[in-house]
Amino acid sequence: MQNVTLNVQGMSCGHCVKAVEGSVGELTGVEQVTVNLEAATVAVAFDEAQVTVEKIKETIDDQGYDVK
């Protein structure tokens, strides 16, 4: 299991949190997703054999947020 914390700009409310947690959480291999709205971060625990960091970033980007 690998962990990554991404800086994500554009999240401002509970809806944003649910959108990111829901979309990333549906990816095969993702074990846990935690959004910290105040710090503008998304922490993801995932199986690197099943999903890549790039795929996680793309999924967040597809929700309309800017991954740094």
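The two residues Glu21 and Thr34 make their nearest non-hydrogen contact at OE2-CA, 4.1 Å. Shown here for Gln63 and Ser23, the closest heavy-atom pair between the two residues is CG-OG, 3.4 Å. The two residues Cys16 and Gly10 have their closest heavy-atom pair at SG-O, 4.3 Å. Between Phe46 and Val4, the closest heavy-atom pair is CE2-CG1, 3.6 Å. Considering every non-hydrogen atom in both Ala43 and Thr5, the closest pair reads CB-OG1, 3.9 Å.
Expressed to the nearest 0.5 Å, how far CG of Asn36 lies from CG of Asn7 amounts to 10.5 Å. Rounding to the nearest 0.5 angstrom, the gap separating the CD atom in Glu38 from the CE atom in Met11 is 11.5 Å. For the atom pair NZ (Lys55) and CD1 (Ile60), the distance works out to 11.5 Å, reported to the nearest 0.5 Å. Taking CE from Met1 and CG from Asp47, the interatomic distance works out to 5.5 Å, rounded to the nearest 0.5 Å. The CG atom of Asp61 lies 7.0 Å from the CG atom of Asp66; values are rounded to the nearest 0.5 Å.
Test Val51, Leu27, Val67 against Thr59 for side chain to side chain contact (heavy atoms under 4.5 Å, CB included) and you get one pass: Leu27.
In this structure, Gln2 places its CD atom where more than 12 heavy-atom neighbours from other residues, nucleotides or ligands lie under 6.0 Å away.
Glu54 meets the salt bridge (Lys or Arg N to Asp or Glu O under 4.0 Å) test with Lys57; sequence neighbours excluded.
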